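These notes concern the structure reproduced below.
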Amino acid sequence: YNFENLNINKINDDIRDKGIAIIDNFLNSDQTKKISNEHKFIYDNNIKIGKYHKDNFTKSFLINYRIRDLKFNKELEFSNQLIKDKIIKKMISVCLGKSYGINNFISHYVDNGETDGEIFPLHMDFFKSNKFRCIKVYLYLTDTNVNNGAFRYLPVSHNLIRNLINITDANLIKNEKLKNKFKNLGISEKGLTLQDVIEIIKFDKNSIKNYDKIVDYLVKKDISEIANDNKLLIEGKAGTLIIFDSHGLHGGVSVKDRPRDILRIHYFDKEYKEKYLLDQCNLFIKIKSKVVSKFRWHTKRKYFF
C-alpha cells in the first residue's frame, strides 16, 4: 500500500489471510529523523527510561520502553505522537478490537559491523497462550534493504502455526527436546524457531491440511536456503510501515553496509490486556482481575492440601 491509497479493511483482510501488510511512505523523512534523533538522544545522554540493552557496543542499542514512559517523559514527544496516530489506532482496532493494549515499544538501532549474523533468525512468537493475538508494527527509520537488516516474513505461516499448536499431539513428537519445548509453550514468551516448526510439521501430518504450498516450501528446502530467500525480504525507504501477525515466521537479516534504525510496537488483544496489562485498564477491570486471581489462588491451595 501507499499512504495515499490506504484501505484499512483490505489491510485487515491481508493480515488475517496473509499475516502481513506493508505501507510505503507512512512517515516522511523529517518525521522519521525526529523519532530517530529522539531515541539517540535518550541513549547518548543515558536518560533512565525503559529498559536498556547496550550489549557493550559503541553505537548499537535497544531500548524497551513501557507505555507509562510516554506519560512522564517529554523526551518521547514524537514517539508519543506516533503511538497516538489515528490511522495506526484505526488499523489496530480493526485487527484486534478497540480494547487492545500495548505491551511495549522498542527502539532498535544497529550499527554496521557491530553485530555478527542475522539480527533475528526466522522464528514465531508465542505469548502465554495460543488464544492471544499479537499484532506488531515495524517502522523503518532508515532506508532498509538486504544489506542492512531488512525484515523477513513468510506469508500464511501465522495460520499454519496456529493450526499446528492447536491440533498437534505433543506425544507424537519423537524428539524429546522439541517435545518438551512444545509442551512448555506459554511458560515463557519464547516461541518456536524455523527448525522447530519444520520438525513439528514432519511429525504431525493431520495439522497441515489446507497448507500444502507453504508446507512443501518449508519441508523441501534447506534451512539455509529459506533463511537466504530474498522473496521473504521487505525492503523499504525510511517511513515504511510493516504491520504483521507475530505468530507468523519472521526475522531480520544481518547489518553489513550501513546502520539500520527501527521502531517496533507490540499490540495485544483485549484478553491479553486484561490479564497482563492492567496499568492500561479501567478500575473495574483491575478489581475484577485481582478477584479472579485471588479466587484461583485459593482454589489451587484447596486442592493442593
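Since we're looking at a predicted model, the values are computed, not measured. If you read the sequence from its start, that first residue is 1, and numbering goes on from there.
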- request: Step through it carefully: locate the ring centre of Phe132, locate the ring centre of Phe268, and say whether they are under 6.0 Å apart.
  value: no

field: Aromatic ring proximity His39/Tyr65, centre distance under 6.0 Å
entry: yes

- prompt: Any donor and acceptor pair, going by atom type alone, linking the side chain of Asn73 with main-chain N or O of Leu76 inside 3.5 Å?
  reply: no

message: Does this structure show an ion pair linking Arg162 with Asp245, if we count only N-O contacts that are shorter than 4.0 Å?
response: yes

message: Check this for me, if you would: do Asp125 and Lys136 make a salt bridge, where the nitrogen-to-carboxylate-oxygen distance has to be below 4.0 angstrom?
response: yes

message: When you compare the side chains of Asn148 and Asn112, does any donor N or O come within less than 3.5 Å of an acceptor on the partner?
response: no

message: With no hydrogens and no angle check, just 3.5 Å: does a side-chain donor-acceptor pair link Tyr1 and Asp14?
response: yes

- prompt: Looking at CD1 of Ile88 and CD1 of Ile92, how far apart are the two atoms once the value is rounded to the nearest 0.5 Å?
  reply: 7.5 Å

query: Do you see a donor-acceptor pair shorter than 3.5 Å between the side chains of Asn103 and Tyr267?
result: no

message: Do Glu38 and Ser79 pair up side chain to side chain, a donor and an acceptor below 3.5 Å, judged on atom types alone?
response: yes

- prompt: Ignoring hydrogens and geometry, is there a side-chain-to-backbone donor-acceptor pair from Ser36 to Thr32 under 3.5 Å?
  reply: no

field: From OG1 (Thr193) to CD (Glu199), nearest 0.5 Å
entry: 9.0 Å

- prompt: Does the ring center of Phe151 lie less than 6.0 Å from the ring center of Phe244?
  reply: yes

query: Regarding Lys128 and the six-membered ring of Tyr276, is the cationic atom NZ or CZ under 6.0 Å from the ring centre and inside 45° of its axis?
result: yes

